[in-house]
Protein chains: 2
Amino acid sequence: MVDEFDRRILTILKNDCDVPLKEIGKKVGLFSASAISKRINKLKEDGIIKKQVALLDYEKLNFDFISIIFVKTKYHKDYAQIIGNKLKSLPNVVAVFFILGDIDFVILTVNRNRQDFLRIMEKLTSMDEIERSDSRVVAYTIKDIDFSSIEL
Amino acid sequence: MVDEFDRRILTILKNDCDVPLKEIGKKVGLFSASAISKRINKLKEDGIIKKQVALLDYEKLNFDFISIIFVKTKYHKDYAQIIGNKLKSLPNVVAVFFILGDIDFVILTVNRNRQDFLRIMEKLTSMDEIERSDSRVVAYTIKDIDFSSIEL
DNA sequence: GATGAAACACTCTAGCA
DNA sequence: TGCTAGAGTGTTTCATC
């Protein structure tokens, strides 16, 4: 379904989706732009390419309150989806993972300031499915979201 | 430096960077494509737009071993940058955050399988600056990396 | 600093071999 | 898949507001 050419195309696009089709062709060894075009559109249809987005420097935009929240819930695994859906619709939430262990959810949030952050915490603490939440301020973003090192 | 128009442009681009300039113009209320073009290029120069990338569905590409690693180091804060640099160059690492509290670093990794994951853990355990690491398998990705809910 | 127009090169894509 | 033709897109320049 996804062959070696597709993988090479994806490797380029996940780092930079503004590369001309012609140039992609050269790099992957498929020299017609139309062939690349058709493959990319197929990958979008199949949902393998989910989106093409601009990654922003949120610190430069004065989002200085990045935090990671660890959530422990009252109920067991079956509630993962239900509680998960509530968590992911909280404001300023970038990612939510359900993990196994003493912590149930890990949430990444990007906030402009403490007030924004407290807005999340207020909603979080009002959810009675939640037993306990630990929120940690990110002191340094050592590596921002970046999939370039992933080898397909 | 970044005005309301820029913020509106960024709001569009962080969700979809493939929107024609003309259409962006209509949406933000700046009706010439050339004005939008100049602003976007300025935002790139300033590093506010870091990259334009394709977001992929890694689960569909059989990356079934997503994990979050909590790292506690032996040394104090000053080592954050040094150890951080080592951590971010580990294979298959998507993000690294230095946080305050009992855990020092949170690492997000995306792996195809257990072997790939163990490759990271091997390198991690061989670093003597690290006191302890807890790795958690992601059971469900409730919300994958997505900045669309962030209000600029 | 924005607009609209014009000109140009570049880019994408549909149809067909 | 490759080729080609036509439509669409981004960028620059200009006069004007």
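We name chains A, B, ... by the order of the sequence lines, and we start the count at 1 in each one. Hydrogens, waters and symmetry mates are skipped; everything else that's a heavy atom, side chains included, is used.
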R39(B) side-chain N/O to dG1(C) phosphate OP1/OP2 under 4.0 Å: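 Looking at the OP1 and OP2 atoms of dG1(C), neither is under 4.0 Å from any side-chain N or O of R39(B).
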Which one, [options], comes nearest to the side chain of [X]?
| X | options | answer |
| --- | --- | --- |
| K38(A) | dC3(D), dA2(C), dG10(D) | dC3(D) |
| S34(A) | dT1(D), dA2(C), dT4(D) | dT4(D) |
| P20(B) | dG10(D), dT11(D), dT13(C) | dG10(D) |
| N41(B) | dT11(D), dG2(D), dG1(C) | dT11(D) |
| A33(A) | dT1(D), dT13(C), dA2(C) | dT13(C) |
| L21(B) | dG2(D), dG10(D), dA2(C) | dG10(D) |

Touch class at under 4.0 angstrom, heavy-atom based, for K22(B) against every strand present: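 No contact.
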Sugar-phosphate, base or nothing in reach of S37(B), heavy atoms under 4.0 Å: sugar-phosphate
From [atom1] of [X] over to [atom2] of [N], roughly how many Å is that when rounded to an integer?
| X | N | atom1 | atom2 | result |
| --- | --- | --- | --- | --- |
| L13(A) | dT11(C) | CG | P | 15 Å |
| I36(B) | dA2(C) | CD1 | C1' | 10 Å |
| F31(B) | dG4(C) | CZ | C1' | 13 Å |

Residue R114(A) excluded, over 12 heavy atoms near CZ under 6.0 Å: no
Side-chain heavy-atom pair F70(B), F70(A) within 4.5 angstrom cut-off: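 Of all side-chain heavy-atom pairs linking F70(A) with F70(B), at least one is under 4.5 Å.
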Parallel, tilted or perpendicular: ring planes of F63(B) versus Y58(B), cut at 30 and 60 degrees: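 It falls in the perpendicular class, over 60°.
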K51(B) with D146(A): basic N within carboxylate O range, under 4.0 Å: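 Salt bridge: yes.
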